[in-house]
Each structure stands twice: as C-alpha cells, then as structure tokens.
Amino acid sequence: MSSQKPKSQQTKTPQDTYARTGRTLASEVKRLRGWSDGDPAKDAELADALLALTRHRLLGHAFAEAGADAQEALLTAAKIVASHGPVGPYTPPSEAARYVTATTYLASVQVGLGLAAQGAATVRAILEWCSELPKGGANLDLEYLTKVWGHLALGRGALAEAEVALANAHADAAQAWYRLGPASDDPWFRLVGVDADLLVADARWAAGRPGEAIAAGERAAHAYDALAADAWTRPGALPPALLDRLLEPAPGVFTPLADRALARGDAEVGVAARTRLVDLLRGLPARLAEATRPALAGALASQAVDLDSLGRTSAAAALAAEVSALVGAD
C-alpha cells in the first residue's frame, strides 16, 4: 500500500510570489526597452514600468537590485519633464509627479544601501525642484508610499547629521502616512511599517525618550513577526531567495530592541528579543549555516553577556562555549 498522502493532506512548498511578480515586472521593462528605443512616445510607459519594478524591489528591501532601474527611471522621467521646457506652471502635474516619485525611489535605494545623508540630500533636491511648481507641488497626486519613503529618507539623513528633532518629526510623518495608506493584500507592505517603526525607535532613543523607543521597537518586532512568523515554522521548505529576504530585516529589528531594553533594565523584553533572533538563526537550514555562522555567533555572544549581567552565569557559560565552538569550527 502506498504511503503517499492524499493531495488534500500534502504540505505544499511555500511559493515565492514576490520573486514571481518581480520577474513579471522585469520582463515588462525589458519588452518596453526594446520598443521605446528611439520612440519618445513610449518613454512614459517605460518610466512607469521601471517605477513599478523599483517600487516592488523597495518593498522587499532589494536595494542593490533596484539601483540601476531606479536611476534609469529617474533619467527617463527627467527627459519627459524637460521636453515641456523649464519647470513651472506649464509642467504637466502627472509628469512632475512621476519625476518626484522616481527621485524619491532613488533616495530610498541610497538609504537602503547605507547612504542616508545622500538619500536625504536627494529628497531635499526634489523638494527644492517642486518649489518652482504651482503651490510648491502640494497638488501633485503622489502615492502614499512615495510620501512614506520620502520621510524615511529625510529622517535617516537627519539622524546621520545628528538633527534629532528633525529626525523625530520625519519619523512621525512617515509612520502617519503609512497608517493612512489603504490596506494591501501584499504582505511585503508590512516591511514598510517595520521601517517606519524602526525610524521612530531610533529617533526617540536619540532624543532621550527610551520608553517610547522600546515601544516602537516592539511594534516593529510584532510587525516583522506578522510578516515572517508562518514561514519560520519550516524554513527548510522555503525557496532560498524568500528565506534570504525574510532574514534580512531580522537583526535590525531584534538587536536594537534587546540592547535598549536591557540598558533600561527591562530584562524580560531584552532577553526575549535576543532569544527571538537566536532562535531564528538557529532554525535555518543547513545550506545557510556557513553563511549565517558569524551572525549567530554574534547574537549568542550578546545573549551570553545579557544572561551573565542578570546573574544567570551557568546559562551564560553554556552560550559562551557554543560561541567558541562556532568560531573555532572549520
């Protein structure tokens, strides 16, 4: 008798719908590049396709992949705007909005690649450009995500430049715009909310408001779990690219929360956050063990310090031994 389960009882391998959508959008861009070559009438369609692809990649934190397309989208949008003459009252609002969106997307790529000051400067430049439009561009029909990403870039830049009050203002604006946005069936929209909460947490901590910083960090952790928790129940079944994408935000979510909670004396929250990260890293499939060994060793070492400071010396010693084994492994 066959031991195979009926189809209704078989566990399906999780599908990477994000990657499938990305391939579809990239294919459309490739098609339009071939058609628009030498045909200005197709430039707008190509620019919009490039923006759709870049937006999708920003949602999944695929910043390196988004870079070239974001730059091409900006150059194409700029060419369309320039075809109407100097910026001003005769600049079509729809084309101005496309240009602002493309610029903001590029700024988000810069911030995602660790260039916060440059990303903020890019947004400030487009705001200056908008000042030449009627009403300073306030009447442009911009998607709410463009506004969220713009404030995130400005907030990260302000933190990099130690402008704490300004960072908090942009953090609040980014979070407000995210919450005002329409509901989406795309689970990766949650990662934008995580980013907004993390900026609030960093800005509040810099402002000397640790309670609010920890509360925002906990919101980010809950939002991350809402995105990833189901997938982490069987990470070995996930497509590799999906697993990498889900893992990428985790250290930035749980490590600051653990550090800040413990520094404030909230051992329960701090230990729980650090344990969550350790459990995620420990649960990864064997194919990722080598690549993630340094991250796991670092998280375990921090957890050992946490437990030792709380008087749990036996548990700390066991973790320290595990770190030694990981670091000394071939």
Side-chain angles (χ1 to χ4, degrees), residues 25 28-29 32-33 35-58 66-113 115-158 160-161 163 165-167 169-174 176-178 180-182 192:
L25 293 171
E28 178 66 5
V29 166
L32 290 169
R33 278 197 189 110
W35 282 14
S36 67
D37 203 17
D39 182 3
K42 292 289 184 180
D43 283 344
E45 194 173 355
L46 173 60
D48 290 341
L50 285 162
L51 287 176
L53 177 58
T54 303
R55 176 183 182 276
H56 178 72
R57 286 174 170 162
L58 289 175
D69 292 322
Q71 291 181 50
E72 185 181 356
L74 178 55
L75 290 172
T76 306
K79 183 171 72 171
I80 296 169
V81 166
S83 70
H84 295 276
V87 60
Y90 298 107
T91 303
S94 61
E95 294 175 3
R98 183 190 293 115
Y99 182 51
V100 172
T101 299
T103 306
T104 305
Y105 284 9
L106 180 60
S108 298
V109 171
Q110 291 171 315
V111 172
L113 294 177
L115 304 172
Q118 292 90 324
T122 299
V123 176
R124 287 195 294 268
I126 197 59
L127 291 175
E128 179 66 24
W129 182 86
C130 285
S131 68
E132 302 295 325
L133 296 171
K135 299 183 181 180
N139 60 337
L140 295 183
D141 185 16
L142 298 175
E143 187 198 12
Y144 84 99
L145 277 180
T146 302
K147 299 174 184 179
V148 174
W149 281 325
H151 284 293
L152 287 176
L154 290 167
R156 285 294 169 194
E161 296 161 2
E163 296 182 9
L166 188 60
H170 285 301
D172 289 341
W177 277 113
Y178 175 75
L180 286 170
V192 181

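The structure presented is a predicted model; accordingly, all values stated were derived computationally and were not measured.
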Is there side-chain contact between [X] and [Y], with heavy atoms separated by less than 4.5 Å?
| X | Y | result |
| --- | --- | --- |
| Y99 | I80 | no |
| T101 | R55 | no |
| V87 | V81 | no |
| L154 | L127 | yes |
| L75 | K79 | no |
| L50 | T76 | yes |

Between [atom1] on residue [X] and [atom2] on residue [Y], distance to nearest 0.5 Å:
| X | Y | atom1 | atom2 | value |
| --- | --- | --- | --- | --- |
| L106 | L58 | CG | CG | 9.5 Å |
| L32 | D48 | CG | CG | 9.5 Å |
| L142 | C130 | CG | SG | 7.5 Å |
| H56 | D69 | NE2 | CG | 12.0 Å |
| T146 | H151 | OG1 | NE2 | 11.0 Å |

Start with the C-alpha distance between L53 and R57, add both sets of side-chain angles, then the distance that settles side chain to side chain contact (heavy atoms under 4.5 Å, CB included), and finish with yes or no. CA-CA 6 Å; L53 177 58; R57 286 174 170 162; 3.6 Å; yes
Minimum heavy-atom separation for [X] to [Y], with atom names?
| X | Y | answer |
| --- | --- | --- |
| G119 | A107 | O-CB, 3.3 Å |
| V109 | G67 | CG1-CA, 3.9 Å |
| G88 | P134 | O-CD, 3.8 Å |
| R98 | A44 | NH2-CB, 3.7 Å |
| Q118 | Q110 | O-OE1, 3.4 Å |
| V123 | A153 | CG2-CB, 3.8 Å |

Between Y105 and W149, what is the ring plane arrangement, given parallel below 30°, perpendicular above 60°, and tilted in between? perpendicular
Angle between ring planes, Y178 versus Y144, binned at 30° and 60°: parallel, tilted or perpendicular? tilted
Steps toward side chain to side chain contact (heavy atoms under 4.5 Å, CB included) verdict (V111, L152): CA-CA 9 Å; V111 172; L152 287 176; over 6 Å; no
